[in-house]
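Just below is one structure, and these are the notes that go with it.
Heavy atoms only: backbone and side chains are in, while hydrogens, waters and symmetry mates are out. Keep in mind that what you see is a predicted model, and the values were worked out from it rather than measured.
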Amino acid sequence: MHTYSAVADRLQVLVCLSNPRGLLLVNEILTREGFAVTTASTLGKFEDAMRLGGFRAIVTATEAIGAIREIMRLSVVNIRASIRGWVDAQTGDRSCLFDRAAFVAGLRSATGSGLVGPGTSR
């Protein structure tokens, strides 16, 4: 089920991620940053949420961008562009870090609110 936060003076963003933990974390980050967030965990729920209207941008992952572009022509922020991976040279262990600042800046850029960041397309 999708959730909707309708606050008139906030930028409306639709987040479509299939990972429940990722969806929750992105919702929390964006809400703290002052966005009004609607979430959807499937493309069907995404289509339902699009009927609400008023969105300035969509946040999703690489694999869903093509399908989302078939449904709606809004700015899309690819969350994966804000994930930095690396390998520990000594142990060979792989790890990653989510760059919150870059993600929020990219979303603000996509919504036309002025800050530039990675992972955005129009």
Measure the spacing between [atom1] of [X] and [atom2] of [Y] and express it to the nearest 0.5 Å.
{"X": "Phe46", "Y": "Thr38", "atom1": "CZ", "atom2": "OG1", "answer": "11.0 Å"}
{"X": "Leu74", "Y": "Leu14", "atom1": "CG", "atom2": "CG", "answer": "8.5 Å"}
{"X": "Leu43", "Y": "Cys16", "atom1": "CG", "atom2": "SG", "answer": "5.0 Å"}
{"X": "Ile29", "Y": "Phe103", "atom1": "CD1", "atom2": "CZ", "answer": "6.5 Å"}
{"X": "Met72", "Y": "Ile68", "atom1": "CE", "atom2": "CD1", "answer": "11.0 Å"}
{"X": "Leu11", "Y": "Phe35", "atom1": "CG", "atom2": "CZ", "answer": "5.5 Å"}

TODO: Determine which pairs satisfy ring pair (Phe, Tyr, Trp, His ring centres under 6.0 Å) with at least one residue from residues 65-88, sequence neighbours left out, and list them in order.
DONE: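 Pairs touching residues 65-88 that pass the test: none.
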
Looking at every heavy atom in both [X] and [Y], which two are closest together, and how far apart are they?
{"X": "Gly106", "Y": "Val77", "value": "O-CG2, 4.0 Å"}
{"X": "Ser75", "Y": "Arg56", "value": "CB-O, 4.2 Å"}
{"X": "Val87", "Y": "Gly92", "value": "CG1-O, 3.5 Å"}
{"X": "Ala57", "Y": "Thr111", "value": "CB-CG2, 3.7 Å"}
{"X": "Ala36", "Y": "Gln12", "value": "CB-NE2, 3.2 Å"}

- [ ] Verify the distance criterion only: is there a donor paired with an acceptor across the side chains of Thr39 and Asn27 at less than 3.5 Å?
- [x]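 Note: Thr39 and Asn27 side chains miss the donor-acceptor criterion.
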
Open item on the list: Under the salt bridge (Lys or Arg N to Asp or Glu O under 4.0 Å) definition, can you give me all pairs with a residue in residues 31-43, not counting sequence neighbours?
Closed with: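 Only Glu28-Arg32, Glu33-Arg108 qualify under salt bridge (Lys or Arg N to Asp or Glu O under 4.0 Å).
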
- [ ] With sequence neighbours excluded, tell me which residues meet side-chain contact (heavy atoms from CB on, under 4.5 Å) with Ser18.
- [x]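 Applying side-chain contact (heavy atoms from CB on, under 4.5 Å) to Ser18 gives none.
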
TODO: List in chain and number order the residues that pass side-chain contact (heavy atoms from CB on, under 4.5 Å) with Ala61, two or more places apart in sequence or in another chain; answer none if no residue qualifies.
DONE: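 Leu17, Glu63, Ile79, Arg80.
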
TODO: Output every pair passing side-chain hydrogen bond (donor to acceptor under 3.5 Å, both in side chains) with a member in residues 92-107, not counting sequence neighbours, ordered by first then second residue.
DONE: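 Passing the test, one end in residues 92-107: Thr91-Asp93.
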
TODO: Would you check if the side chain of Arg73 reaches a backbone N or O of Glu70 as a donor-acceptor pair within less than 3.5 Å?
DONE: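 No; judged by distance alone, with no hydrogens or angles, the pair does not exist.
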
Open item on the list: Suppose we screen for salt bridge (charged side-chain N to carboxylate O under 4.0 Å, His left out). Which residues come up paired with Arg51, at least two apart in sequence or across chains?
Closed with: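 Testing Arg51 for salt bridge (charged side-chain N to carboxylate O under 4.0 Å, His left out), a comparison that skips the adjacent residues, returns Asp48.
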
Open item on the list: Same cluster or not: Leu25 versus Val37, using hydrophobic residues (I, L, V, M, F, W, Y) connected whenever any side-chain heavy atoms lie under 4.5 Å apart?
Closed with: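 No: no chain of side-chain contacts under 4.5 Å links Leu25 to Val37.
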
Open item on the list: Under 4.5 Å between side-chain heavy atoms, counting indirect links through other Ile/Leu/Val/Met/Phe/Trp/Tyr residues: same cluster for Leu24 and Leu107 or not?
Closed with: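 Different hydrophobic clusters.
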
Open item on the list: So Ile58 and Val13, do their side chains get closer than 4.5 Å, heavy atoms only?
Closed with: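 Answer no - side chains too far apart.
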
- [ ] Compare all side-chain heavy atoms of Ile65 with those of Asn78 and state whether any distance is below 4.5 angstrom.
- [x]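 The answer is yes, as the side chains (C-beta and beyond) meet within the 4.5 Å cut-off.
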
